[in-house]
Amino acid sequence: MSLAQSAAASGYALSAAEDPPANPWLLPFLARGGAARWVLGNLAVALLYAGLGVVVGRFFGAYGLFPAPIWLPAGLACVAAMVGGAGLLPGVFLGSCLVNGLFFGSAAWLTFAISAGNTLGPWAGVMLTRAMRPQTGLFTRFIGVLGFILGGVLLHAAVTAAVGTLALSLATPMSAGQAYAAFSAWWLCDSGGTFFFAPALLLWLGAERRAAPVDRAPGVVDHLVLAATVLGAAALFAVPGAGLLVRPDAVFLLTVPLSWITLRISLRAAYTLLTAICITATVGTVMGEGPFQGHGVANPLQSVGLMTVLFAMDALTLIALTSEGREARARLAETRGTLARSMARTETLAREALTDPLTGAGNRRHFDYAGGAALYRARQRGEAFSMVLFDLDYFKALNDRAGHEAGDAALRGVVRACKAVLREAPLFFRMGGEEFAVLLPGAGLAEAAQVAERLRAAIREMPWDGGASWLSASFGVAEARMADRSLDELMRRADAAVYAAKERGRNRVELAAA
């Protein structure tokens, strides 16, 4: 295996094991091509790093700010480590060697030492970011934002600054104060470059594993705010003399439309705009334009840096907290929906467990449960309580002659007819086969007998078999006694009355002995 293949394999394996690639196409694209694509990917990173470093160095060097107060290649290195894992770090190292050795003219050993720091820093920062990064987001979770700032920005810059300062101190001995000043300047330089550049590029490359939820699609007003912010920032820092008409502290009011764009359009749009504003402000300030060139500003570039940090923290924190709030409300609504569905399902199952599946009347289990409770309540209130028990006449003959389907239809028809009579008496049950029961809390024997007679007539008059009314039932009515311990004793007396009705010719109502 070649050196390139070994590095690619180890890098991709580590990246895949520790953190699935944020970008949906970059790592698979490189990995499928083996060493050739790995080399091409690293060459692209190296050329971008070196080219960006040359542009930044030439621009700031022209204004006496050598090498640069803001190092934009640091942001590129952070992005390469984030989306490419260890597989793209050789490109960062090579790009750093090119810009430090060829453009800045550093000695070979110093170039390698600084480049090692520029490679180690983003890798260490990304490891911390990955350790803190949640499973479903980066900039849409507060802990993800915190992980990016602590790892991708601060730790990354601290490692590169520490290694670079150590290398410079070996080349040219420094006092402790000089070393601290070099470290601080280097650290701020790389931190600013990462803040400027990395979040926008990560968002465009698909660093977010889940898009930030929005309440509605952006409208015309939202796009007008975006356009007005672009034009306003360009006028402040790019039009000669225009920025001096504005107080320096008024620039920070740009955070209002940036917050609007963050919430109403997208974090990607807001941070892309923020990157453009910060670069425009930096370039304009270096060239002597913009509000920070006013008499009350001691260090214009420091004010630009403060503006960058404030705007970036505002946008990232705002979208993270807002996204978490929206998703929490969405999860709460989903939980409520699930609970409602579970309750409905539980109610359905309970109803099915207590309902006769053929007729829809209560079943024997429901009779035992609801009937016992109704009898107990009647006893507590001192009310009468009666039972009507009836059995269809010659039902076996019906099944034998017309078939079980006709028998089932007859049972359903009987239940419909009885429910039409028992509108205010829901305690109606199929006890099994062709036997039914009605419980009447508050009704004495005479009133229950009247109910039974109406039920008998409804069954007898029920149309059946082409209009022939021949179905009938035998009824027994019993009233609860104070000595009754349960429904079983009441039911035995009602059943005896049904037997008496059968013996006396059927299709009649018999009362149990008092």
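Along the sequence shown, residues are numbered consecutively beginning with 1.
- In terms of the side chain to side chain contact (heavy atoms under 4.5 Å, CB included) criterion, residue partners of K396 (sequence neighbours excluded) are, by chain and number, D400.
- Between V498 and G476, the shortest heavy-atom distance links the atoms CG2-N, 3.3 Å.
- Looking at heavy atoms from C-beta onward, H156 lies out of side-chain contact with F148 at the 4.5 angstrom threshold.
- Listed by chain and number, the residues in a side chain to side chain contact (heavy atoms under 4.5 Å, CB included) with A81 are L89, P122, V126 (sequence neighbours excluded).
- With sequence neighbours left out, the side chain to side chain contact (heavy atoms under 4.5 Å, CB included) criterion links A480 to L375, F385, D484, L490.
- When atom types are taken as modelled, the side chain of W260 and the backbone of I265 share no donor-acceptor pair closer than 3.5 angstrom.
- By the side-chain hydrogen bond (donor to acceptor under 3.5 Å, both in side chains) test, S474 is found to be paired with D393, residues two or more places apart in sequence or in another chain being considered.
- The two residues T229 and P257 come nearest to each other via the heavy atoms OG1-CB, 3.1 Å.
- Qualifying salt bridge (charged side-chain N to carboxylate O under 4.0 Å, His left out) partners for D495, counting only residues two or more places apart in sequence or in other chains: none.
- To the nearest 0.5 Å, the span separating CG on L318 from CD1 on I261 amounts to 12.0 Å.
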Would you please test V477 and V451 for side-chain contact (heavy atoms from CB on, under 4.5 Å) and show each step? CA-CA 10 Å; V477 182; V451 173; over 6 Å; no

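- Summarising the geometry, atom CD1 belonging to I277 is positioned 9.5 Å from atom OG1 belonging to T255; distances are rounded to the nearest 0.5 Å.
- Taken from CG in D391 to CD in E434, the straight-line distance is 4.5 Å, to the nearest 0.5 Å.
- Residues meeting the side-chain hydrogen bond (donor to acceptor under 3.5 Å, both in side chains) test with R504, sequence neighbours left out: E510.
- Residues forming a side chain to side chain contact (heavy atoms under 4.5 Å, CB included) with E453 (at least two apart in sequence, or on another chain): R456, V509.
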Pair V438, L427 - check side-chain contact (heavy atoms from CB on, under 4.5 Å), show working. CA-CA 6 Å; V438 181; L427 299 178; 5.9 Å; no

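- The minimum heavy-atom distance between A402 and A406, with the atom names listed, is CB-CB, 3.5 Å.
- Two residues are said to be in side-chain contact when any heavy atoms from C-beta on lie closer than 4.5 Å; L471 and L398 meet this criterion.
- Taking each heavy atom of A378 and A384 in turn, the nearest pair found is CB-O, 4.3 Å.
- Residue pairs meeting the salt bridge (charged side-chain N to carboxylate O under 4.0 Å, His left out) criterion with at least one partner in residues 354-366, sequence neighbours excluded, are D356-R430, R364-D368.
- Of all heavy-atom pairs between L511 and A449, the closest is CD2-CB, 3.6 Å.
- A search for side-chain hydrogen bond (donor to acceptor under 3.5 Å, both in side chains) contacts involving T280 returns nothing, not counting sequence neighbours.
- Looking only at side-chain heavy atoms (C-beta outward), I279 and T275 come within less than 4.5 Å of each other.
- Residue pairs that meet the ring pair (Phe, Tyr, Trp, His ring centres under 6.0 Å) test with at least one member in residues 474-513, sequence neighbours left out, are F390-F475.
- With rounding to the nearest 0.5 angstrom, the CG atom of L128 is 8.5 Å from the CG atom of L146.
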Applying side-chain contact (heavy atoms from CB on, under 4.5 Å) to I459 and N507, what does each step give before you reach the verdict? CA-CA 10 Å; I459 294 172; N507 188 31; over 6 Å; no

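- Minimum interatomic distance between V414 and F436 (heavy atoms only, all atoms of both residues): CG1-CE1, 4.4 Å.
- Scanning for side-chain hydrogen bond (donor to acceptor under 3.5 Å, both in side chains) contacts around R341 gives T338, with sequence neighbours left out.
- Every residue meeting the ring-ring contact (aromatic ring centres under 6.0 Å, His included) condition with F367, not counting sequence neighbours, appears here in chain and number order: F429.
- Between the side chain of S386 and the backbone N or O of A443 there is at least one donor-acceptor pair closer than 3.5 Å.
- For the pair L440/E447, no side-chain contact is recorded, criterion being any heavy-atom separation below 4.5 Å from C-beta on.
- Here the OG-CE distance, from S472 to M462, works out to 10.5 Å after rounding to the nearest 0.5 Å.
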